[in-house]
Amino acid sequence: MLDLFYSLFSEADGATDMSSAVQIILTVIILAAAVLLVIVNVIVLARDKKKKSLGGGTADNSDTVEVEEKSEAAETAIFETALAEEIEDESETKPDPVSESKTEAKPVEEEAEQVYEGNGDMSVVTAQAEHGAIASKRIFVMYNRSFTAKLIQSDDAVQERYSALKNKLLSYKKVGSRMCWQNDSFRYGRQTVGRFAIRGKTLSLYLALDPVSLENEKYIFEDASQSKRYAPTPVRLKLKSARSVRWAGELIDRMMTGLGAEAGDEKGIDYSMPYETTDALIKRKLIKLLATGDVGTEVVTADFGTLSREKFKVVTGLDIRESVTVTEAAKTVTEEAAEALVIRAEKDEGRRGDIRGNKKTIVNIDTLSKNFTSGDTVDIQSLIDKKIVSRSVGYVKVLARGTLDKPLTVKAQDFSLDAVKMIVMTGGAAVLDE
């Protein structure tokens, strides 16, 4: 081609001068065309590669997504397994009790927040399944019986003694009675002069007499002055016989005469009450119930400690430890579980300022561990007795510190959640006594 151009231009005038310029121009054009061709080829190759990449990418992406989904599913399964092992229910939903049998049963919802107090007699009742035996499952319950409920379920002899001495107290002018959850109390003006209480099957009368003044006399009594509740009425008389009732009447006369009270006629009112079943009293709210479930073949009446231990297993799925530190407790049990494991004690409507002080204080868990033995009940009175707090204290908050190495039933007005965790992890009970 170049030879053709050269021949053409060489025939014209001045061809020799122009040939060099034309040759340069043609060379530039040819080079530009070659570069353009290379660019076009590069673009075409890039487009083909992109198409291939997009076409095969669907399968590659699918594989990647599938692997990610499998990985995520595996992680979820591991998380759920670990969560099930640590705690069965960390949310505000009701926890499901765990069957002791290997045979799985349908989960039973449990009341997470209830308010109860009291000690059980550890009796066992067995319920038969309607269609044959089912997997054994123990349900732990605690009955908090009011004084009225205890009186209703007492035998005739207890009710007769109660009626006789209540008539005796009320025969004095300006004496009135007031029934609260735990006692039937009597006041002369503003002073508490007597309280009836029932412990187990025994009726007791507490009188506002000086125990020291009765030491050398015939009367059989117990000195209850160390108890804040009964300090105003420290002489405890157990009413187990006709003689004990007669002696109680004599002491009532001595006490009221000393107070300058005017005696009146006894009205002979029958204060006995007809027997009612436990279920009926629960419906009337004279007995309050706390349970770890509501369906099973075996029902066990428990105390605070037993109830707390069984509920701890239900809520967390964990075993009780011999000892626990603050750090271990904080990492092992969630705050939601700790809140669910606090037992709220029934407020005592009869409690007044003469029973409790008005100062607030804190007590650390390791202090309780050092000063109490396994199975002890810790409350304000026991703390005062051991000189851990002063007699003016009426409000205790328990805080977590150090190590707890024994089960304790701790009754306090407030707890830190870590303190609750330490108490329940070692088999004790955290009882909120507001």
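In this chain, numbering begins with 1 at the start of the sequence shown.
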Yes or no on side chain to side chain contact (heavy atoms under 4.5 Å, CB included) for Arg401 and Thr367, after CA distance, side-chain angles and deciding distance? CA-CA 9 Å; Arg401 190 179 73 178; Thr367 301; 3.9 Å; yes
Set of side chain to side chain donor-acceptor pair (under 3.5 Å) partners for [X], sequence neighbours left out:
| X | value |
| --- | --- |
| Gln381 | Asp385 |
| Glu262 | Lys173 |
| Ser272 | Asp270 |
| Arg243 | none |

Is there a donor in the side chain of [X] and an acceptor in the side chain of [Y], or the other way round, less than 3.5 Å apart?
| X | Y | value |
| --- | --- | --- |
| Tyr230 | Asn183 | yes |
| Asp433 | Tyr395 | no |
| Thr277 | Asp279 | no |
| Thr327 | Thr325 | no |

Salt bridge flag under 4.0 Å for residues [X] and [Y]:
| X | Y | answer |
| --- | --- | --- |
| Lys168 | Glu250 | no |
| Arg284 | Glu276 | yes |
| Lys421 | Glu339 | no |

Hey, does [Y] have a side-chain heavy atom less than 4.5 Å from the side chain of [X]?
| X | Y | value |
| --- | --- | --- |
| Val398 | Ile362 | no |
| Val378 | Lys411 | no |
| Ile384 | Val393 | no |
| Val324 | Thr403 | no |
| Leu205 | Arg195 | no |
| Arg344 | Val431 | no |
| Leu165 | Ile252 | yes |
| Met425 | Leu404 | no |

Does any N or O in the side chain of [X] come within less than 3.5 Å of the main-chain N or O of [Y], such that one atom is a donor and the other an acceptor?
| X | Y | value |
| --- | --- | --- |
| Lys386 | Asn371 | yes |
| Ser163 | Glu160 | no |
| Thr257 | Arg254 | no |
| Ser171 | Asp265 | no |
| Glu322 | Thr426 | no |
| Ser369 | Ile365 | no |
| Lys397 | Ala412 | no |
| Glu335 | Leu417 | no |

Minimum heavy-atom distance [X]-[Y], with the two atoms named:
| X | Y | answer |
| --- | --- | --- |
| Asn167 | Gly268 | OD1-N, 3.4 Å |
| Val342 | Leu432 | CG1-CB, 3.9 Å |
| Ile198 | Ser154 | CD1-OG, 3.9 Å |
| Leu214 | Leu209 | CD1-CD1, 4.4 Å |
| Trp181 | Leu286 | CH2-O, 3.6 Å |
| Val424 | Ser308 | CG1-OG, 3.8 Å |

Intermediate values then yes/no, side chain to side chain contact (heavy atoms under 4.5 Å, CB included), Thr233 and Thr192: CA-CA 7 Å; Thr233 54; Thr192 301; 3.9 Å; yes
Can you name the residues that form a salt bridge (charged side-chain N to carboxylate O under 4.0 Å, His left out) with [X], not counting sequence neighbours?
| X | answer |
| --- | --- |
| Glu222 | Arg236, Lys238 |
| Lys201 | none |
| Asp379 | none |
| Lys406 | none |

Taking ring pair (Phe, Tyr, Trp, His ring centres under 6.0 Å) as the test, write out the residues that go with [X], two or more places apart.
| X | value |
| --- | --- |
| Phe221 | none |
| Tyr271 | none |
| Phe372 | none |
| Phe196 | Tyr162, Phe186 |

Straight-line distance of [X] [atom1] to [Y] [atom2], nearest 0.5 Å:
| X | Y | atom1 | atom2 | value |
| --- | --- | --- | --- | --- |
| Leu408 | Thr377 | CG | OG1 | 8.5 Å |
| Ser392 | Lys359 | OG | NZ | 4.0 Å |
| Leu383 | Ile388 | CG | CD1 | 5.0 Å |
| Leu318 | Phe312 | CG | CZ | 5.0 Å |

I would like to know whether Asp155 and Tyr275 meet side chain to side chain donor-acceptor pair (under 3.5 Å); could you show each step before the answer? CA-CA 9 Å; Asp155 58 31; Tyr275 180 85; over 6 Å; no
Evaluate the side chain to side chain donor-acceptor pair (under 3.5 Å) criterion for residues Ser416 and Asp418: first the C-alpha distance (whole Å), next the side-chain angles of each, then the deciding distance (0.1 Å), finally the verdict. CA-CA 5 Å; Ser416 70; Asp418 283 344; 5.9 Å; no
Take atom CD in Glu217; do more than 12 heavy atoms of anything else shown fall under 6.0 Å from it? yes
Step by step, would you call Ile423 with Val420 a side chain to side chain contact (heavy atoms under 4.5 Å, CB included)? CA-CA 5 Å; Ile423 292 168; Val420 173; 5.7 Å; no
Gln182 and Arg229: CA distance, side-chain angles, deciding distance, side chain to side chain contact (heavy atoms under 4.5 Å, CB included) verdict: CA-CA 11 Å; Gln182 294 181 323; Arg229 176 179 300 280; 2.9 Å; yes
